[in-house]
Every structure is written in structure tokens, then in C-alpha cells.
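Note that ligands are numbered from 1 as they come in the structure, with each ligand's atoms numbered from 1 the same way. What you see is a predicted model, and the numbers here were worked out from it, not measured in a lab. The chain is numbered in sequence order, starting from 1. Side-chain atoms are counted along with the backbone in the values below, which use heavy atoms only and exclude waters and symmetry mates.
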Amino acid sequence: MGDLARGDFGDDFTWGVAHAAYQVEGAWDADGKGPSIWDTFTHGKGRIRDHSTGDVACDFYHRSAEDTALVRELGFDAQRFSISWPRVLPEGTGRVNAKGLDFYDRVVDECLEAGVEPWVTLYHWDLPEALHQRGGWANRDVVGWFGEYVDVVAERLGDRVQDWMVFNEPCSFLLVGYLAGVHAPGVRSLRKFLAATHHVNLCQSVGASALRARIPDANVGTTHIITPPRTKQDRPKDRKARAAIDAFANRIFIEPNLGLGYPTEAAGLLRGIEKHLKPGDDDALKVDWDFLGVQYYQRQLVKPAPIPGLHAIPWMSKDHRRYEITAMGWEVQPDGLYEALAKVHAYDPDLRLVVTENGAAFPDRLEGGRVHDERRTAFYRAHLAEVRRAQADGIPVDGYFCWSLMDNFEWAEGYVPRFGLTHIDFATQQRTVKDSGRWFQRFLAATATATDAD
Ligand code: GCO
């Protein structure tokens, strides 16, 4: 891997960093913002590993200019951030909170002034609590509510923002929030999970249309986490197990928008989704994406399950002997990124792909003003090599976003796992660029091909 250089990825390749509203903004009730399901969830007892909340987080709400300047200093082209729906529409529909919208307007301008492209995600998991009280994603009315919200944002930011992602990882907030109940809103119901999944898929399409109606030259995509399942053996029942998890964790969130319907044949438990379909939905689901965002963290070890209709369960044990394990307990397998890209590419060879998230948490230590996180640098280098391999094999990948610019609120794990290129002291809000961030800075500054930044 000694030969990796920025220039090898192409002149039009976008290098970015990503983060999300609830994980970084703080200011949870400032300037007229309404509560989101994550405010409710974290303010309840016992949900978050370190009993923390996103009330303050990285205080990005007040420090966005400084953080955006850092994105530029490190040499990235783009900053991916998300809009908090209840900051813009405190009740979810109707009344617009001007100060909330002003904040995002400012962030966009700060990006442009710093020479950083703003890449905007419309939904990164913080549904207005008021809409959850009305049934949230499980209520089909959400399709109208979401269209209204996207229109408000597109009208205000569309003159300056070209790159849009409608959703961040439906798989995660639906499976973990509506089926496992470990993320907000903490629901455990197969029925609600299936209803919510169908409504989110409809919203992908409604959101994309609302963007295109306001912004003729918009670059419209969405993001999916791709977790390739693996089994220890390859017997027919192992293959069936992989297929079932693949349907549940990957395919139901991607295929309906590509006009392929729901893969109910692969997992019997999915059949319940059919009763949420109305005439005309098959067409309403179709989206003509400009790009798809692929987010990759790990492969998932699964094993055959003796549960009729399910076929597979995730296997929580780890292969410590074969793989390095991150602070999230995830196995480091760089070639899984290639597999994830190839999997999405197989749907449509012309569809542009962007790696909208990739990164890792490690037990970082701040010592003498430095964080020597060589494991993170090695992680990025190995994964970037897989992006190059995908490009070399003809897969059109034209961007890569690190998760994340800075340490932030990692959902149910609180502030324990640190994913940043920048360390944050959450008591003082002091930012310290880690060695991995400096590695990127050198890598991005070197324009020649085939010479490593090190
Ligand atoms: C996700 C989200 C991020 C996470 C990151 C690390 O992929 O789950 O987009 O919000 O923080 O992935 O788990």
C-alpha cells in the first residue's frame, strides 16, 4: 500500500468528512428548536452507556465556523452535515423556526467562504418528537410531513447547496430504533418496523422529488450502510442464513427504490410488509438517483437460526484471532468495503457511488497535546486502497467521506467510542487534530501520483 496518492483517485474525486446534527450540534433547545426523539430518548433513564446526552455534544451550533475552518485546514473538499428537522420545524409540520433555518444558512455560507462544498443529509435520525407522538415513521402520513420539510429546506438552501442525501442509513434507525429498540424511539415491534420501512422508502422518493422540484441541477442521492454478512462455513444452510440477513439488513432498504420490490422470498418475516403497500406504491417508490452513498464499517458474522421464517441470527462472537477489533467491537476487514461497493454496483453499472462514511473508533489517548492514533491511519490507508481497487475494476466511485471530522456522540454508546480525526475534550470543547488527521492533511496536500504521503 506504499503507493497510494491523492492523484490516483482522479481529479473529480471528492474528499470529505461527515458528521450529523444530533451527534455534534448540542444546543438541543436553543433558539426555538423543538425536541427530537433523541432528546426524549437520552433524557430518559438507562438508555445510553455513559448516561450522557447530546444536549451539548461538540457545540457545533456555536462553533461551526471554527470547525469548518478546520475542514479546510486539513485539506478536505467537502463537509457532510445533516439538518435537524425539529430545529427547522419544531412541531414537525407547519410553523417554521426562522432561527433554526438561519443556522443552516450560516453553515452553508461558512462552508462556501472556506472553499468547502456543503453536502447535506436531510434525515440523520432525529425525528421531531411531536411527529413521533402522531405515530412517527409507522404512520403513513409521514410521507406528506417529510415532503413539506424537504421543501422548506430546499427552498432556503437550494441556491447554494448542490449535493444532497435524502436519508442516512435507513437500516440503522429502523432496525435498531423500531425492531431492537436500542436507539430512539426505542420501539420493539416487527409490525411497526415493517410499516416504518415502507414509509421511509416512500419518503426517499418524495424527498428526491421535492429536491428536484426546487433545485434543477441538484446532485441527489441517499446513503445506505452495507454490512456484508459472512458465515464461518459455506453449507447450504449458511448460504440461506446469509441471504436472510442480507435481505433484512441491506436489500429491503435499497431495492424498492430501484424498482425491484421487496425481497420477501429471502426471509419469511418480511412478508408482513405487503399489507402496508397501496396500489401505485411500486411506481411511487422508484427513484432516479444521481448517486448512492455507500457506508461501510464491518462485515457481520451470522449463523443459521432454528427460527422458522427467520433463517439467521447475527453472531455476536468475534474472530479475535483473525481480525483486529475496534472500540465498537467491530472486525476490521478492509476488503469488505470493496465487497460493499461491488454489491451496490451490481444493481446498476452506471450509477455513481460515493463512500459517504467509513471510519473506526479506537481507544485514543491525548498525551502532551498529541493523539498517536496510528491504528486509525492504518485503517484509512487500508480502506482507501480498497476504493482504488474498486475504481481500477471499473466501479465508478467518485468520493470518500471520513466518519468523522471529530469525536462526537455515538448514539447508545455515548461519548465512549471516539471516531474523530480530531480529538475533543468534552469538558472544555478543546479540539486537537489527531495524527490521523495530520496524515490526511499531508495525503491531501500531495498532488503527485504514486508517492505516498508518508
Ligand atoms: C452510522 C451513522 C453515524 C455513526 C457511525 C459510527 O453509520 O451509524 O451514520 O451516525 O456515528 O456510523 O457508528
Side-chain angles (χ1 to χ4, degrees), residues 16-26 36-38 41-42 48-50 52-54 57-58 60 79-85 119-127 164-180 182-184 200 221-228 249-250 253-254 292-300 314 325-333 336-337 340 344 354-364 373 376 379-380 383 399-422 424 426 436:
V17 287
H19 51 75
Y22 189 72
Q23 297 183 272
V24 301
E25 284 177 5
S36 79
I37 54 174
W38 271 95
F41 193 71
T42 57
I48 310 301
R49 185 164 149 200
D50 58 0
S52 62
T53 70
C58 309
F60 183 74
Q79 172 165 235
R80 174 178 171 229
F81 59 93
S82 80
I83 310 275
S84 159
W85 184 348
W119 283 54
V120 173
T121 311
L122 287 159
Y123 187 78
H124 202 127
W125 310 357
D126 43 358
L127 186 74
W164 298 85
M165 289 139 289
V166 181
F167 278 93
N168 181 70
E169 294 186 8
C171 165
S172 308
F173 75 87
L174 292 165
L175 270 177
V176 190
Y178 279 85
L179 193 61
V182 173
H183 279 184
V200 166
T222 198
T223 76
H224 292 292
I225 186 162
I226 304 293
T227 306
N250 301 315
F253 307 106
I254 303 173
L292 274 184
V294 172
Q295 316 202 149
Y296 171 76
Y297 289 92
Q298 57 168 340
R299 285 200 178 96
Q300 175 77 66
I325 308 289
T326 73
M328 293 292 282
W330 297 343
E331 297 173 352
V332 177
Q333 295 180 53
L337 174 54
V344 179
V354 175
V355 178
T356 39
E357 280 181 28
N358 179 223
F362 292 110
D364 298 325
D373 58 339
R376 183 172 290 101
F379 178 98
Y380 277 119
H383 285 75
Y400 179 93
F401 286 71
C402 300
W403 186 272
S404 179
L405 170 64
M406 52 197 169
D407 297 337
N408 57 48
F409 179 78
E410 180 56 26
W411 310 112
E413 303 298 313
Y415 295 97
V416 179
R418 291 177 174 270
F419 274 89
L421 296 176
T422 306
I424 297 212
F426 289 100
S436 59

Next item on the list: For the pair Glu357 and Tyr297, evaluate side chain to side chain donor-acceptor pair (under 3.5 Å) and give the outcome as yes or no after the intermediate values.
Entry: CA-CA 8 Å; Glu357 280 181 28; Tyr297 289 92; 2.6 Å; yes
Notebook entry, point to check: What class does the angle between the rings of Phe379 and His383 fall in, given that below 30° is parallel, 30 to 60° is tilted and above 60° is perpendicular?
Noted result: parallel
Check: Between Trp164 and Leu122, what is the shortest heavy-atom contact and its length?
Finding: CZ3-CD2, 4.0 Å
Item checked: Test item, Glu413 contacting ligand 1 (heavy atom, 4.0 angstrom) ->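 No, Glu413 has no heavy atom closer than 4.0 Å to ligand 1.
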Notebook entry, point to check: Hey, does Trp330 sit under 4.0 Å from ligand 1 if you only count heavy atoms?
Noted result: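 Heavy atoms of Trp330 do come under 4.0 Å of ligand 1.
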Considering non-hydrogen atoms of the protein only, which is the closest contact for [atom], and what is the distance?
atom                    : result
atom 9 (O) of ligand 1  : Glu357 OE2, 2.7 Å
atom 10 (O) of ligand 1 : Gln23 OE1, 2.6 Å
atom 11 (O) of ligand 1 : Glu410 OE1, 2.6 Å
atom 7 (O) of ligand 1  : Glu169 OE2, 2.4 Å

Check: Knowing that exactly one of Tyr178, Trp125, Phe41 qualifies, which makes a ring pair (Phe, Tyr, Trp, His ring centres under 6.0 Å) with His183?
Finding: Trp125
Notebook entry, point to check: Considering Phe173, Trp125, Trp403, Tyr297, which one's heavy-atom position lies nearest to atom 8 (O) of ligand 1?
Noted result: Trp125
Margin query: Is there a polar contact, in the sense of an N or O pair closer than 3.5 Å, between Asn408 and ligand 1?
Written below: no
Notebook entry, point to check: Taking N or O atoms only and a 3.5 Å limit, does Ser172 qualify as a polar contact for ligand 1?
Noted result: no
Notebook entry, point to check: Roughly how far apart are Ser172 OG and Phe167 CZ, rounded to 0.5 Å?
Noted result: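 Ser172 atom OG to Phe167 atom CZ measures 13.0 Å (nearest 0.5 Å).
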Checklist line | Carboxylate-amine/guanidinium proximity below 4.0 Å for Arg418 and Asp373 | finding: no
Notebook entry, point to check: If you measure only the distance, is there a donor-acceptor pair under 3.5 Å linking the side chains of Thr356 and Gln295?
Noted result: yes
